[in-house]
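Here is the structure we will look at.
The figures here come from the full heavy-atom set of this structure, side chains too, leaving out hydrogens, waters and symmetry mates.
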Amino acid sequence: MTKILVTGATGNIGRKTLQHLLKRLPATDLVGLARDPAKAADLAATGIEIRQGDYFEYDGLVRAFDGIDKIMLVSATAFTDRNTQHQNAVSAAHQAGVKHIVYMPIIHEPASAFTLPDITEQDLFVEERLKASGLAYTLVGHPPFIESIPFYIGGNALETGVHAPAGAGRAAYASRDDLAEAHAIVLREDGHEYKSYALYGNPAVSFADIAQILSDISGKPVSFVAGTDQDYIDHLMAAGLPEPAARFALGWVQGVNAGEWGGKTGDLEKLLGRKPMTAAEFLRTNYAAREA
């Protein structure tokens, strides 16, 4: 029997990963890690064991990882000293006798010079630590989430248009649910050790493409409003977003425009055994509901 632990059990990715694992394995093989186990009561009700743990508390992680064979290491939130948290998790896993860690960095192509603040360098740090740890590891690289598109374009796009800095780069977005299912497959199966996957969705779309998709959905023209970086920040702030969040969104949008996540590997489709959700499908569901 292989015991699998998923960190961040109360977050979107961690919770969905455990839910997909539960379709493939008995609950007795699964463990969720949460800072506040009370928030994972729904998972505990399925029979999944919930252990308390915090990335900043090393000794607690060693105890939480006891008896675990594989860990899904859900990445820590940006701007929260990610290096310390991830180093603690990797070192604690090694001390506890864990055999295999699956980690979810943001995709960063080797030749790319683009750096996403407090994400890219910290993800590369984890990769280095994993490779030096002596543990088996798998990297399941993420593109931007499809669910983040409304955050990036800001405000009421159907009425005010799709606002973004000028650029024609495309991103191959993927949904959290599809990514979580891919995690579950990698954790459930053997043969993924020491492999790196780029879990791109398909097809990649630009912000101008998104405006066209929204036009098709709504039956009325939705413009693509290309401006400066400051224009973009001002637009998001006018829609109610705090400036730090607007600047964080800007970093992602700059990456899209630079073509950072426009690749196409087919890894996600191969792991799922089906086509992943497209940006058009997500937008149709999300914005058609607003139109109703």
Side-chain angles (χ1 to χ4, degrees), residues 2-22 25 27-106 116-119 121-123 125-127 129-130 133 135 137-140 142 145 147-148 151 175-177 179-184 186-187 242 244-245 248:
T2 298
K3 201 83 164 177
I4 298 173
L5 180 145
V6 178
T7 70
T10 59
N12 281 317
I13 288 291
R15 185 183 297 277
K16 288 179 182 293
T17 299
L18 281 165
Q19 289 168 341
H20 280 291
L21 280 166
L22 195 57
L25 291 168
T28 51
D29 291 356
L30 305 177
V31 178
L33 186 77
R35 286 194 297 268
D36 182 358
K39 294 181 179 179
D42 60 321
L43 294 172
T46 69
I48 295 174
E49 179 186 357
I50 304 299
R51 299 182 184 179
Q52 197 281 329
D54 187 307
Y55 286 159
F56 283 115
E57 298 174 1
Y58 179 82
D59 291 341
L61 290 178
V62 175
R63 290 192 296 271
F65 295 163
D66 181 54
I68 300 298
D69 299 291
K70 291 184 179 181
I71 289 176
M72 176 72 223
L73 182 60
V74 175
S75 55
T77 304
F79 307 107
T80 60
D81 190 4
R82 298 175 78 227
N83 283 357
T84 294
Q85 294 181 78
H86 293 147
Q87 177 66 69
N88 281 346
V90 173
S91 297
H94 185 272
Q95 183 174 335
V98 173
K99 300 180 179 66
H100 186 178
I101 291 180
V102 177
Y103 179 65
M104 42 172 277
I106 302 302
L116 191 62
D118 212 62
I119 298 290
E121 291 181 2
Q122 289 75 9
D123 280 348
F125 172 84
V126 180
E127 293 183 32
R129 297 286 76 76
L130 286 172
S133 70
L135 301 173
Y137 63 87
T138 307
L139 302 175
V140 283
H142 284 194
F145 297 136
E147 294 88 350
S148 295
F151 170 64
S175 75
R176 289 188 179 99
D177 194 63
L179 292 169
E181 184 174 351
H183 297 171
V186 168
L187 290 160
F248 187 60

Closest contact, heavy atoms only, A27 versus G47: CB-C, 3.5 Å

Partners meeting ring pair (Phe, Tyr, Trp, His ring centres under 6.0 Å) with Y58 (sequence neighbours left out): none

Residues T80 and Q85: side-chain donor-acceptor under 3.5 angstrom: yes

Backbone N/O of R82 and side chain of Q122: donor-acceptor pair under 3.5 Å: no

Distance-only side-chain donor-acceptor flag, T7 / Y55, under 3.5 Å: yes

Mutual orientation of the aromatic rings belonging to H183 and H142 [parallel < 30°, tilted 30-60°, perpendicular > 60°]: parallel

Side chain to side chain, L43 and I50, heavy atoms closer than 4.5 Å: yes

Sidechain N-carboxylate O distance under 4.0 Å for E127, R129: no

Student check: side-chain heavy atoms of V140 and V102 closer than 4.5 Å: yes

Side-chain H-bond candidate by donor/acceptor type, D123 with H86, under 3.5 Å: no

Side-chain heavy-atom pair D81, F56 within 4.5 angstrom cut-off: yes

Spatial distance of atom CG (L187) from atom NZ (K70) [nearest 0.5 Å]: 6.5 Å

Shortest non-hydrogen contact between V90 and I101, atoms and distance: CA-CD1, 4.2 Å

V31 and V6, any side-chain heavy atoms less than 4.5 Å apart: no

Any D69 side-chain heavy atom under 4.5 Å of I4 side chain: no

Min side-chain heavy-atom separation L18-I48 under 4.5 Å: yes

Side-chain donor-acceptor contact under 3.5 Å, H94 with S133: no

Spacing of CD1 belonging to I68 relative to NZ belonging to K99, to within rounding of 0.5 Å: 10.5 Å

Those residues that, when tested against F65, pass ring pair (Phe, Tyr, Trp, His ring centres under 6.0 Å) (two or more places apart): none

